[in-house]
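Notes follow once the structure below has been shown.
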Amino acid sequence: MRLPAEGIVLVAVLLVLPGRARRVTAVLAGAAIGLLTLVKCLDMGFYSVLQRPFDLVLDWVLLDDAADYVRESFGRTSEVLAIAGAVLLAAAVPAATALALVRLAERMARRRPPAGRTTLVLAVVWVTCATFGLRAGGEPVASTLDAQLVDDRVRAVRAGLADERVFAAEAAVDAFRSTPPDRLLTGLRGKDVLFTFVESYGRTAIEDPAMAGPVGAVLKEGEASLGAAGFEARSGWLRSPVLGAGSWMCHATLLSGLWIDNQQRYRQLVSGDRMTLNRYFRRTGAWRTVGVVPGVRKAWPEARYFGLDRSYDSTHLGYHGPYFSWTPVPDQFTLDAFDRLEYARKNRRPLMAEIILASSHQPWAPLPRMIDWKGLGDGSVFGPIQRAGKDPAEVWKDTERVRAEYRASIEYSLRSLFGFMRRYAHRDTVLVFLGDHQPRPEVVAGSPRRDVPVTIVAHDPAVLERVAGWDWTPGLKPAPDAPIWAMDKFRDRFLKAFGPQAPGPAQESRKAAVRRTNHSGSSSQG
């Protein structure tokens, strides 16, 4: 029950215009209505995945990614049909609305008196409803829906065009750019530092009542096994720049210390000279920097920007098993391949590795499962598991099934990571693992929260002492009231925490104990 002011005005204009001008106006207005309809359809799609409207300046490139996702998840035929349907609608909708409005205008012209009276009545009703604020279904009856949409989009386009200058100014500010290499990351010298992103590992996985129990059990089990090996952990929350998709923007946000929430910012970033965490590690000369990116299937020139000495995509991991829908390589195999290709090498420098785990990527069916690490081989062992898995088309018919499969995928990714640490990690291993973004709206049940867990795991107590001031929760699971940082703040806080600093109370106590021991030993020897 909505009365659009734009429609009433348009009808009035068509009634007073002469024949040729009326037809031209009807064609143009009808086509504009069709284009607005397409924009609304794009908005519906983007809200269903990213909980935000379509950006007319920045989001066109994401349609290509959407086509890739459909192909990898549901097959080439589905991709072709989806593209054909989208192109057909894009052409047909403006044409149909233009023809419909021309037909309506001609019929009104032939019956001008009753059409004029009807328009006058509608105008009076609109003014009355607007005056008294009448509402239906919680919305005002007298609306200016399309006018408001156009105004919002004009503002968004202007903001998008201006954002390039804003981002350039933000990127020019870097508190650590002039820091000498020998004063960078001094608190981690000699350590292997592994930054691991777990796809779609969001706050929902830990706190949603339907997921908290099973995922919490995996975290508790991992904490016990890592603790038995001498590892401790601290956990907090980061606020992601995106929701539902766009993992590469989250990776870039954490590593660059800049808020990357659209593709224009990402492209600007990777074409510039902003220092990332990877590049700071490499600048010291003390680390070899490695990227493991199994979700990449083609040339990835961004590896040079991020400062990676070597990048391993899905074709470089030695995997000859099946895809699991979109996911090219199961997480367990990805981590085992990292050990085989880099981590287990003899006489190497310490590693700084960026590892992307992708098995918890939507559509969450079929899913791999954990197998004996010794039996991974070339990945062919995953063939029967993939064939016996669930059909994504069937899973996505029911929201609760989608949520259940999402939870299972997070459990698998975490078990893979903890299994890697138990099997391969050593005393000088430091693991930083986190989610990139929350999953899709169907999974988060409409929650607007963008928080993701972040955890630091280390064997050396001195590493965790460096972050004692962060007030993070002991263990692998952040408390509900643990600090929440914007993801772009992590880089600078990490560099500050692990750079040169005055010793804290615990460090002073340890040094005093060492001095006493040394003094006692000297006296005895004397």
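Note that these values count all heavy atoms, side chains included, but never hydrogens, waters or copies made by symmetry.
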Which atom of D331 lies closest to which atom of S360, heavy atoms considered: OD2-N, 4.5 Å
Exercise: identify the closest heavy-atom pair between V329 and S314: CG2-CB, 4.2 Å
Apply ring-ring contact (aromatic ring centres under 6.0 Å, His included) to [X] and list each qualifying residue two or more places apart in sequence or on a separate chain.
| X | result |
| --- | --- |
| F490 | F494 |
| H316 | none |
| F306 | none |
| F46 | F54 |

In plain terms, say whether [X] and [Y] are close enough for a salt bridge, that is, a side-chain N and a carboxylate O under 4.0 Å apart.
| X | Y | value |
| --- | --- | --- |
| R76 | E79 | yes |
| R450 | D261 | no |
| R239 | D451 | no |
| R234 | E232 | yes |

M487 vs L434 side-chain heavy atoms within contact, under 4.5 Å: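 Answer yes - side chains close enough.
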Expected output: side-chain [X] to main-chain [Y] donor-acceptor under 3.5 Å:
| X | Y | value |
| --- | --- | --- |
| Y412 | Q332 | yes |
| Y406 | S200 | yes |
| S325 | A365 | yes |

Non-neighbouring partners of [X] that pass salt bridge (charged side-chain N to carboxylate O under 4.0 Å, His left out), sequence neighbours left out:
| X | answer |
| --- | --- |
| R349 | none |
| K374 | none |
| R183 | none |
| E405 | K390 |

Salt bridge (Lys or Arg N to Asp or Glu O under 4.0 Å) pairs, two or more places apart, involving residues 304-329: R282-D309
Qualifying salt bridge (Lys or Arg N to Asp or Glu O under 4.0 Å) pairs, either residue in residues 204-219, two or more places apart: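 Non-adjacent pairs meeting salt bridge (Lys or Arg N to Asp or Glu O under 4.0 Å): R203-E207, D208-R403.
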Mutual orientation of the aromatic rings belonging to F418 and F433 [parallel < 30°, tilted 30-60°, perpendicular > 60°]: perpendicular
Ring geometry between H361 and W326 (parallel below 30°, tilted from 30 to 60°, perpendicular above 60°): parallel
Partner residues of Y47 under the side chain to side chain donor-acceptor pair (under 3.5 Å) criterion, sequence neighbours left out: none
Throw together a table of side-chain donor-acceptor distances under 3.5 angstrom for residues 165-174, partners on residues two or more places apart or in other chains.
| from | atom 1 | to | atom 2 | distance (Å) |
| --- | --- | --- | --- | --- |
| E170 | OE1 | R265 | NH1 | 3.2 |
| E170 | OE1 | R265 | NH2 | 3.4 |
| D174 | OD1 | F176 | N | 3.0 |
| D174 | OD1 | Y280 | OH | 3.2 |
| D174 | OD1 | R491 | NH2 | 2.8 |
| D174 | OD2 | Y280 | OH | 3.0 |
| D174 | OD2 | R491 | NH1 | 3.3 |

